[in-house]
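The first residue in the sequence is number 1, and the count goes up from there. Quick note: numbers below take in every heavy atom, side chains included, and nothing from hydrogens, waters or symmetry partners. For clarity, every value in this text was computed on a predicted model and none was experimentally measured.
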Amino acid sequence: QVQLAESGGTLVQAGGSLRLSCAASGGTFSSYAMGWFRQAPGEEREFVAAISWRGGVTDYRASVKGRFTISRDNAKNTLYLQMNSLKPEDTAVYYCAARLGRWGDRAVGAYPNWGQGTQVTVSS
């Protein structure tokens, strides 16, 4: 069972950039497809981006496409989310998630493994 730990969340001004990291341990990282999700106060957790087990296939929600980039370094057991042109509506707790297999998924329920989350706050 893989354990996940996010880092990199902070307060940033609108238009700024931030890179989140997710360190994995306790499993074979390259065997897992990975995803980033976020949850704003009073809202349901929502899909942000996903990446296949070897990194060749990515998927994004429409509102972040062109601004966010998901990537992974299997040699370092680390997942990343580069976030550019941040907007106040991007404010949320960001979670990384893992599922065994090749392909990511947009559904929260498709991922059995989750990190504790990292807060991203974008001020206007």
Side-chain angles (χ1 to χ4, degrees):
Q1 195 82 312
V2 66
Q3 288 82 51
L4 305 172
E6 303 93 336
S7 61
T10 190
L11 172 65
V12 63
Q13 287 191 333
S17 296
L18 205 56
R19 189 176 81 158
L20 304 183
S21 298
C22 172
S25 61
T28 303
F29 183 62
S30 60
S31 296
Y32 292 83
M34 301 294 296
W36 284 102
F37 291 76
R38 66 188 181 187
Q39 188 167 18
E43 302 290 333
E44 292 190 351
R45 193 168 298 188
E46 66 180 18
F47 169 78
V48 175
I51 189 167
S52 59
W53 64 348
R54 304 299 160 85
V57 178
T58 58
D59 183 28
Y60 300 90
R61 71 178 297 109
S63 62
V64 308
K65 202 166 187 180
R67 299 189 298 123
F68 290 11
T69 301
I70 188 172
S71 62
R72 65 190 296 163
D73 186 335
N74 285 349
K76 295 183 178 179
N77 294 341
T78 304
L79 175 74
Y80 303 100
L81 184 68
Q82 177 67 43
M83 303 186 293
N84 299 328
S85 302
L86 281 160
K87 304 175 181 180
E89 51 264 43
D90 295 318
T91 295
V93 177
Y94 282 72
Y95 299 88
C96 66
R99 62 191 301 258
L100 273 173
R102 296 185 178 185
W103 312 120
D105 196 287
R106 293 188 169 205
V108 170
Y111 295 83
N113 306 288
W114 292 84
Q116 82 289 348
T118 187
Q119 176 71 48
V120 172
T121 303
V122 184
S123 64
S124 56

Return yes if some donor-acceptor pair links the side-chain N/O of [X] with the main-chain N/O of [Y] below 3.5 Å, else return no.
X      : Y      : result
Arg72  : Gly55  : no
Arg99  : Ala110 : yes
Gln39  : Ala92  : no
Gln116 : Glu6   : yes
Glu46  : Glu44  : no

If I compare all heavy atoms of [X] with all of [Y], which pair ends up nearest, and what's the gap?
X      : Y      : answer
Arg54  : Asn74  : CA-ND2, 4.1 Å
Pro112 : Ala98  : CD-O, 3.4 Å
Gln82  : Ser17  : NE2-CB, 4.0 Å
Ala50  : Tyr111 : CB-OH, 3.8 Å
Trp53  : Ser30  : CB-O, 3.4 Å
Gly9   : Thr118 : N-OG1, 3.0 Å

To the nearest 0.5 Å, how far apart are CG in Asn113 and CD in Gln1?
4.0 Å
Which residues share a side-chain hydrogen bond (donor to acceptor under 3.5 Å, both in side chains) with [X], sequence neighbours left out:
X      : result
Ser63  : Arg61
Asp105 : none
Thr121 : Gln119

What residue pairs, at least two apart or across chains, pass disulfide (SG to SG under 2.5 Å) with a residue in residues 70-124?
Cys22-Cys96
In the hydrophobic cluster built from side-chain contacts under 4.5 Å, what are the other members alongside Phe68?
Val2, Leu4, Val12, Leu18, Leu20, Phe29, Tyr32, Met34, Trp36, Val48, Ile51, Tyr60, Val64, Ile70, Leu79, Leu81, Met83, Leu86, Tyr94, Leu100, Val120, Val122
More than 12 foreign heavy atoms under 6.0 Å from CZ of Arg102: is that the case here?
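Counting other residues, nucleotides and ligands, CZ of Arg102 stays at 12 neighbours or fewer.
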Identify, with sequence neighbours excluded, every residue that meets ring-ring contact (aromatic ring centres under 6.0 Å, His included) alongside Trp114.
Phe37
